[in-house]
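In what follows, chains carry the letters A, B, and so on, assigned in the order in which the sequence lines appear, proteins first and then strands, with residues in each chain numbered from 1.
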Amino acid sequence: MDGPVLVLAGAGTGKTRVLTTRLAHLLFSGKASPHEVLAVTFTNKAAREMKARVEAVLNRPVESLWIGTFHSVGARILRIHAEAVGLKSNFTILNSDDQVRLLKQLLTAAGIDEKRWPARLAAAVINNWKDRGLTPDEVAKVEKGGGGFAGGKAPALYKVYQERLKTLNAADFGDLLLHVLTIFKTHPEVLAQYQHRLRYLLVDEYQDTNVSQYLWLRLLAQQHKNICCVGDDDQSIYSWRGAEVGNILRFEKDFPGAKVVRLEQNYRSTPNILAAASALIDHNTGRLGKTLWTDKPDAEKVQIKGTWDGTEEARMVCDDIENAHRTGHPLSEFSILVRASFQTREFEERLLTLGIPYRVIGGLRFYEHREIRDAIAYLRIIAQPDDDLAFERIVNVPKRGLGTATLQTLHMAARSAGIPLTLAAQQLLQTDDLRPAARTTLGNLMSSFDRWRGMLDEMPHTEVTELMLDESGYTGMWQADKAPDAPGRLENLKELITALEAFESLGGFLEHVSLVMDNDAEAGDDKVNLMTLHGAKGLEFDTVFLPGWEEELFPHPRALDEGGAEALEEERRLAHVALTRARKWVTISFASSRRVFNQWRSALPSRFIDELPADTVEFSSDQGVFPGRGAGGGGQPTFSRPNGSDLEWPDRKTQLAEAVRRRKGQDFVTSGGLIIEGKAKRVDRDPAEGDFAVGDRVFHQKFGYGLVATVDGNRLHIAFEKSGPKKVIDSFVSKAPKS
DNA sequence: GCAAGAGGCATTTTT
DNA sequence: TGCCTCTTGC
C-alpha cells in the first residue's frame with residue numbers, strides 16, 4: 001500500500017472499485033485513520049459515490065474522511081488560512097457568471113472595447129493562467145506578449161481583477177487552487193502541517209488534472225510519498241480546461257520508484273463495442289497504450305444510422321427507446337449523449353411529444369434559475385456584506401426606485417475610496433449626494449440587511465430566508481407577476497428553503513451552492529438520460545445513443561481551430577469515452593442536413609465513423625441519404641453494406657476534402673452553397689411557404705438577396721444582388737420581401 | 001426611471 | 001431560434 005502508485009485503468013475496467021477498495025483497506029487495516037487520508041475526485045458526484053461505497057464496505061459512516069473535488073478541498077483549506085492571501089474566511093466563491101460580470105466592469109473601467117475583447121474571453125485567459133498555477137506576478141514574467149488579449153493588456157487586467165476580488169472578499173474557482181498553492185509556497189509551516197497529516201493521497205481521473213492541481217499534489221505528497229493516482233490517458237477530455245495529459249505521462253519521473261499497474265480487462269461492454277472503441281482510439285498517437293479485452297459473449301454490432309435531418313434523427317432515437325421500453329427495459333438504462341448542449345433540444349422535444357420522462361444532466365440547473373440566483377444574492381449579502389456582485393444584482397430587485405443614476409453615484413463613491421458598495425452606501429447616506437427619495441430607500445434597504453443579518457443569530461436560517469424574501473418584497477414581486485412561469489418560480493423558491501434545511505448554517509449552504517452545481521436529486525427516477533459527452537464521463541448505461549456524428553459538429557470545428565491535430569485527438573478520445581459508456585447497445589447516428597441557428601446546412605458523416613472497423617458495425621439509413629452520384633434523388637442508399645465491406649459512399653474522399661477545404665477557408669458557418677451538390681433531399685421548409693416562382697425575391701444565407709431567374713425542380717437559378725447569378729438548391733433560400 | 005421593442009449576436013465541452 | 005443589449009418613447 002505504500003509508495004507512489006499509478007493505475008492506468010482503461011474504460012470499464014473498474015477503476016472506481018480499485019480506489020474504493022484501497023481506501024477501505026487503508027481504513028480497515030488501521031494503516032490510516034480517516035482524517036489522514038485525502039481522496040480527490042473530479043466531480044462531486046464521484047466523491048459522494050466513493051464515500052458511500054467506502055461506508056458500505058466498512059459498514060459504518062466515516063465522517064472525518066476527506067473526500068471531495070479539488071475545488072471543494074481547496075475551499076476548505078483556504079477558509080482556514082484565508083488571511084494568508086488577504087481574504088477573510090467567509091469569502092464568497094464566485095461562479096463563472098459572476099466572474100464575467102466583474103470582468104465586464106473592469107474592462108469598461110480600463111477603457112477596453114468590450115465588443116472587441118469580450119469579458120468571456122478575458123475570463124478564459126485568466127482562468128487559463130490560474131489553471132497553470134500562475135499568479136499575476138508570474139504571468140508578467142512568463143507571458144511577454146500578454147496573451148494577445150487587447151493588445152497585451154491581459155496581465156494588467158489579471159492583476160486588477162485579483163485586487164478587486166480581494167476587495168470583494170471573493171475567490172473564483174481558479175483561486176481555490178491557486179491561493180492554496182500560494183499559501184503552501186509562502187508558508188512552509190502550513191504546508192508541513194498538511195504534508196504530515198495526510199499520509200495517504202488518492203486521486204481519481206488523474207489524466208484530467210491541470211498544472212496547479214498537479215503542483216498541489218506533488219507538494220502534499222512530498223513527505224509520505226503515498227500517492228495513488230488512477231487515470232486513463234485515453235479518457236483525457238478536459239485539456240481545454242487546462243488538464244495536462246502530460247501529468248500522467250511523467251508520473252514515474254516525478255515519483256521515482258512508482259509502481260505502474262495496468263488494468264485492461266473490461267467488465268462493462270460487449271466485444272463489438274469494445275473492438276469499435278479500441279480501433280477508434282488506436283488512431284491516436286502518443287498514447288501510453290492499453291489493450292482492452294473482455295470475456296463477455298459476443299452480442300449485437302454497433303448500429304450506425306443515417307437520417308435526413310436532426311428531427312428525423314430525434315424521432316428515430318426516441319422511437320427506439322419507446323419500443324425497447326415496452327419490452328421491459330427501464331428508461332434509466334438509456335442515455336443520449338451529445339457533443340454540445342444545444343443538441344439536447346431536439347431530443348427533449350421529441351421525448352415530450354412521446355410523453356417519455358427524461359432528465360437533462362448538467363442542463364439547466366436548479367441554481368441557475370433567475371429567482372434562485374436572486375434569492376441567493378440576498379443570502380450572500382447578509383452572509384458577506386462585501387459581496388458587491390450580489391448587492392448589484394438585487395439592489396433594485398424588486399423595483400424600488402434605485403436605478404442606474406443612484407447606482408452610478410454609488411459606484412463612483414466606492415471606486416474612489418476603494419471600498420465595497422455596501423460600505424460606500426453607508427457613507428453616502430451621511431451626505432446629501434443622493435436624491436432624498438433614493439436616500440430613504442437605500443437607507444431602508446441597508447438597515448434591512450443589517451436586521452436580517454442580526455436575525456441569523458436568533459432564529460434558524462430557513463426562517464430568516466423566508467422572512468427576508470417576504471420583507472424585501474421579492475416573493476410579492478413574483479406573486480404579482482402574471483407571467484405563466486411565475487407560479488413555477490414561487491415553487492422553486494419554496495424548494496430553495498427546503499434545500500436550505502439540509503444545512504446547518506447559511507455559510508454551509510452557500511458553499512454547497514457554489515461548488516456543487518449538479519442536481520441529481522431525482523437520479524433515482526426512471527428517466528431517459530440526456531447529457532453531453534463530457535457529462536457522461538464515469539457513467540455507464542445498457543443502451544447509448546450517440547447522435548450527431550457529423551463533420552462540423554463532431555469533431556467540433558471550434559476545437560480543431562484552436563488546437564489542431566492535438567484537439568482532433570482529444571475529440572477522438574471523446575468518441576472513445578462515448579462508445580465505452582455502453583454495456584450492450586450503441587447506436588451512432590448522423591443527419592445529412594441539420595438546422596443550425598434556423599439555417600439549414602448539410603453535413604457529412606463524421607470521420608470517426610470511418611474509423612470504426614467494418615465488422616463491428618451495421619449500417620442503415622433513410623432512403624436517399626447519401627445516394628449515388630448527383631443531386632435529384634436518383635441514387636439508392638449505398639450506405640447499407642450487405643457484406644460488411646468498407647465504407648464506400650461515392651466521392652467520400654472528395655467530400656471530406658471539400659469539408660476540410662471549407663474549414664480552412666474559415667467559411668464553415670455558411671457552408672450551405674458549397675456541398676449541396678450531392679444532396680437530394682429537400683429539407684422541410686414551411687409548407688405554407690410554397691414553391692418558388694420566377695421573379696420571387698429570395699434570401700440566401702451566404703449570397704444575400706436575389707431574384708429567382710429559372711426554376712428546375714428544386715434547383716433554382718438566382719440572380720443575386722451582390723454575388724451575381726448562381727445555381728442553388730431551393731432549400732437553402734427563403735422567401736424575402738420585395739425590395 | 002422604466003418598459004417595450006428592435007436589433008445584433010452567438011452557441012464546446014465545466015469545477 | 002432565443003438571448004442579451006441597446007434604443008426609444010413615455
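In this model, no side-chain donor or acceptor of A:W240 finds a partner on the base of B:dT12 within 3.5 Å. For a distance-only test at 3.5 Å, the side chain of A:R339 qualifies as a donor-acceptor partner of the base of B:dT12. A:H71 contributes a side-chain N or O that forms a donor-acceptor pair with the base of B:dT15 under 3.5 Å.
Ring geometry, A:W240 versus A:Y238: the interplanar angle falls from 30° to 60°, so the pair is classed tilted.
Computed from coordinates, the A:R120 CZ to C:dC4 C1' distance equals 11 Å when rounded to whole Å. Computed from coordinates, the A:H512 NE2 to B:dT15 P distance equals 13 Å when rounded to whole Å. Taking atom CD of A:E570 as the reference point, atom P of B:dT14 lies 13 Å away to the nearest angstrom. Counting to the nearest Å, the P atom of B:dT12 and the CD1 atom of A:I237 are 17 Å from each other. At whole-Å resolution of the value, CZ in A:F342 and C1' in B:dA10 are 11 Å apart. A straight line from OH of A:Y238 to P of B:dT13 spans 11 Å, rounded to a whole angstrom. One atom, CZ of A:R573, and another, P of B:dT13, lie 18 Å apart when rounded to the nearest Å. One atom, CZ of A:R370, and another, P of C:dC4, lie 10 Å apart when rounded to the nearest Å.
In this structure, A:R79 is positioned above the aromatic face of A:F91, its NZ or CZ under 6.0 Å from the six-membered ring centre and within 45° of the axis.
Residue A:R558 places at least one side-chain N or O closer than 4.0 Å to OP1 or OP2 of B:dT12. Considering only side-chain N and O atoms, A:N396 lies under 4.0 angstrom from the phosphate OP1 or OP2 of B:dC2. Distances shorter than 4.0 Å separate some side-chain N or O of A:S341 from OP1 or OP2 on B:dT13.
Distances were taken from every side-chain heavy atom of A:H556 (C-beta onward) to each of B:dC2, B:dT12, B:dT14; the shortest belongs to B:dT12. Candidate nucleotides B:dT12, C:dT1, B:dG1 were compared by shortest atom distance to the side chain of A:A340, and B:dT12 ranks first. Listed candidates were C:dT1, B:dT12, B:dT13. Nearest to the side chain of A:T532 is B:dT13. Among B:dC2, B:dT15, B:dG1, the nucleotide with an atom closest to any side-chain atom of A:R435 is B:dG1. Comparing B:dT15, B:dT12, B:dG1 against the side chain of A:S96 picks out B:dT15 as the nearest.
The minimum heavy-atom distance linking A:E205 with A:Q207 is given by the pair OE1-NE2, 2.9 Å.
Nucleotides B:dT12 and C:dT5 are separated by 24 Å at their C1' atoms, to the nearest Å.
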Could you give me the CA-CA distance, side-chain angles and deciding distance for A:Q162 and A:T135, then say whether side-chain contact (heavy atoms from CB on, under 4.5 Å) is met? CA-CA 9 Å; A:Q162 286 308 105; A:T135 60; over 6 Å; no
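Taking the six-membered ring for Trp and the full ring otherwise, A:W549 and A:F590 have centroids separated by 6.0 Å or more. Proximity of the aromatic rings of A:F42 and A:F70 is defined here by a centroid distance below 6.0 angstrom, and this criterion is not met.
Scanning for side-chain hydrogen bond (donor to acceptor under 3.5 Å, both in side chains) contacts around A:T409 gives an empty result, with sequence neighbours left out.
Taking for each of A:E571 and A:T404 the nucleotide of DNA chain B with the nearest heavy atom, the 5'-most of the two is the partner of A:T404. Remark on DNA chain B: of its neighbouring residues A:R400 and A:G535, the 5'-side contact belongs to A:R400, judged by nearest-heavy-atom nucleotide.
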Heteroatom pairs (N/O) under 3.5 angstrom, protein to nucleotides 5-7 of chain C:
{"residue": "C:dT5", "atom": "OP1", "partner": "A:K104", "partner atom": "NZ", "Å": "3.2"}

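Heavy atoms of other residues, nucleotides or ligands lying less than 6.0 angstrom from CD of A:E511 number more than 12.
The residue A:G174 sits apart from the nucleic acid: no heavy atom pair falls under 4.0 Å.
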